[in-house]
Protein chains: 2
Amino acid sequence: MFDLAQLRCFVAVADELHFGRAAARLHMTQPPLSRQVQLLEHAVGTQLLERTSRSVRLTAAGSAFYDDAIAIIGLAERAADTARRTGSGHAGRVVVGYTAVAGYVLIPSLLAAAAKVFPDIDIVLQEMVSTAQLQGLEEASIDLGFVRPLHAVGGVRHHRVSREPLMLAVPAKHPLAARARIRMQDLAGEPLVMYSRSEGKYFHDKIVALFGATAAPPRYVHHIAQTHTILALVRAGIGCAIVPASGQHLRLENVVFRPLWRADAIADIDLCWREDSRNPAAATLRRFVVERWKPPAALRVR
Amino acid sequence: MFDLAQLRCFVAVADELHFGRAAARLHMTQPPLSRQVQLLEHAVGTQLLERTSRSVRLTAAGSAFYDDAIAIIGLAERAADTARRTGSGHAGRVVVGYTAVAGYVLIPSLLAAAAKVFPDIDIVLQEMVSTAQLQGLEEASIDLGFVRPLHAVGGVRHHRVSREPLMLAVPAKHPLAARARIRMQDLAGEPLVMYSRSEGKYFHDKIVALFGATAAPPRYVHHIAQTHTILALVRAGIGCAIVPASGQHLRLENVVFRPLWRADAIADIDLCWREDSRNPAAATLRRFVVERWKPPAALRVR
DNA sequence: TTTCCTTACGCCTATCGTAAGCATA
DNA sequence: TATGCTTACGATAGGCGTAAGGAAA
């Protein structure tokens, strides 16, 4: 089989239609160039050039082969470049997990910023609850995860990227909708649509803690994994719910959001990654988020 | 720069993830294979494989490069095949000239037959009058031409492919339209739309010859290059015309065709080609037409 | 201890350059 | 006769195989 050097020889001769000039361009003498082209023709199995002692021209086969030779050489050069860029983390594919609510504001902002700085990194988004993301990191099915802070498995590191208040979501006609700000005891005995203890563990535990000191807790109804499902139930009048402020971006009719009288009613999001990740592009993106990226003002960690 | 052999080495290792097995597959020993892959990594400028003394796996860069390596090797193999097929005349591009009337029946029939036998030959059609085709052959701007028999320039050979009668085209309301068969003297003094002496030389000379022995020739009106234009004038009632029978395929309303009482009122078409053509596909197609192809029955040379 | 990738080294093939051959304008 | 491609041939760089080295299970 021929090799790339022979293709370069052939292309030079085809461009110049003159062995002498082609040889000069390749920084070699004519005789070995002639020989390489002959070897190429033998390897390909057909004549590519028609020579007289005074002129050189392409045969039909040579003309067809010339186009392919150019394509092959170009592809080879681009392949090396792509590999270098991938190795250095300036190109590649990064699978990013995110929780549904984080997607409303955080992810679009991140994608826009990252695409501008690293146009050759493909970001593949995958919506998953936090616990699934941590498992995904462990299995290396995702490279980065935007998760609610949970006890992470070993080898997974994290960085706080977002902080926002928890708010009360109530049906518009509910008496509490009239209050400017809600105290925990206002919810005594109220039906409260609750997060699942397993899949929505972060919010579940946080809400239980908020009511921990209260003598009269609310009445928990349902246990649901995701915020948008919870808000759908609030909208249907099933009860109130305590959800992150980002839930407002869903713009559900007949659901109003009210702040809570509690300084610790906050929800954070961490960026998580495996310490031993073998994806340079993921490391680049992670460094970008940790060191240079500013989330939207409403979500900024103070 | 790396060469194709190194790409093959890398692909084998990437496939097997084992230098020993890869070396066996390449019919060589491990050490030179290791060395080739190292050289490739050095040439590309980044690590492609991650080795421990017990395992081999692709880096992100290696994974990206693998896809390109497969593409390059595949392209190289197909390029050699394409060149061989082009050289042998089984693939390529053939520019075929044809006169407009030949296009009605002859060309579609030829294209269908040729495409079946030589699927990798691209036939590019170019409608030109016969004289332009002969010039095109000389300049090598066309490979083959379907022309009316004319005195060809040197180095151009020909083969008769089609023969059809000349007929009289008359406006439907013209008295001659009622005749089953026309004698030349029936046209005495009639306005006859005529071919151009330069661009429609074959028909011009033929028609002049048909009337050569007649005491009362027709009255020639206009001198036009192409049959379809002539027939448009007949349809407009300008006069009659003597045209090849294929003109009937235009299906012009208010124009009827009548046979002539003359055995020598025939129009031929020749396939023409340069003897020294350097296009193997053209030679293949030419041999196909000359040796194997049968034109439609109405045009067959008896 | 075995497996398996790398390094070391000698042999040999293959490429390069110089020199000569040969065809054409 | 000059140009420009090919063939011939000796020197050398580079690839292959064998042998030895070294790390991990």
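First the proteins, then the strands, lettered A, B, ... as listed; each starts at 1.
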Item to check | Whole-Å distance separating the CZ atom of A:Arg57 from the C1' atom of D:dC5 | outcome: 16 Å
Item to check | A:Ala61 to A:Gln47 - nearest heavy-atom pair and separation | outcome: CB-O, 3.7 Å
Checklist entry - By salt bridge (charged side-chain N to carboxylate O under 4.0 Å, His left out), which residues pair with B:Arg197, not counting sequence neighbours? => result none
Next on the checklist: When you compare the side chain of B:Leu285 with that of B:Asp143, does any pair of heavy atoms fall below 4.5 Å?
Outcome noted: no
Checklist entry - Rounded to the nearest Å, what distance is computed from the CE atom of residue A:Met28 to the P atom of nucleotide D:dC5? => result 13 Å
Item to check | For atom CD of A:Glu50 and atom P of D:dG4, their distance in whole Å | outcome: 18 Å
Next on the checklist: Just checking A:Arg157: does its CZ atom have more than 12 heavy atoms from other residues, nucleotides or ligands closer to it than 6.0 angstrom?
Outcome noted: no
Next on the checklist: Nearest whole Å is fine: how far is C:dC5 P from B:Arg21 CZ?
Outcome noted: 8 Å
Checklist entry - Between C:dT18, D:dC5, C:dT6, which nucleotide has the shortest distance from any of its atoms to the side chain of B:Arg51? => result C:dT6
Checklist entry - Under the 3.5 angstrom rule, does the side chain of A:Glu50 hit a backbone N or O of A:Arg57 as a donor-acceptor pair? => result no
Item to check | Exam field: side chain A:Glu41 to backbone A:Leu48, donor-acceptor pair closer than 3.5 Å | outcome: yes
Checklist outcome for this item: What one should report as the nearest heavy-atom pair of B:Gly87 and A:Thr46 is CA-OG1, 3.8 Å
Checklist entry - Could you state the CZ-C1' distance from A:Phe2 to C:dA14, rounded to the nearest angstrom? => result 19 Å
Checklist outcome for this item: Overall bend of the helix from C:dT1-D:dA25 to C:dA25-D:dT1 (five pairs an end, 10° steps) is 30°
Next on the checklist: Counting only heavy atoms not in A:Arg93 (residues, nucleotides, ligands), do more than 12 fall under 6.0 Å from its CZ?
Outcome noted: no
Checklist entry - Can you check the A:Glu16 CD to D:dG4 P distance for me, whole Å? => result 13 Å
Checklist entry - For A:Tyr195 and A:Asp205, does a side-chain donor sit closer than 3.5 Å to a side-chain acceptor? => result no
Checklist entry - Residues from residues 30-42 of chain A sitting under 4.0 Å of DNA chain C, heavy atoms only? => result A:Pro31, A:Pro32, A:Gln36, A:Leu39
Item to check | Between C:dC4 (P) and B:Leu49 (CG): distance, integer Å | outcome: 16 Å
Next on the checklist: Could you tell me how far apart A:Leu26 (CG) and C:dG17 (C1') are, to the nearest whole angstrom?
Outcome noted: 15 Å
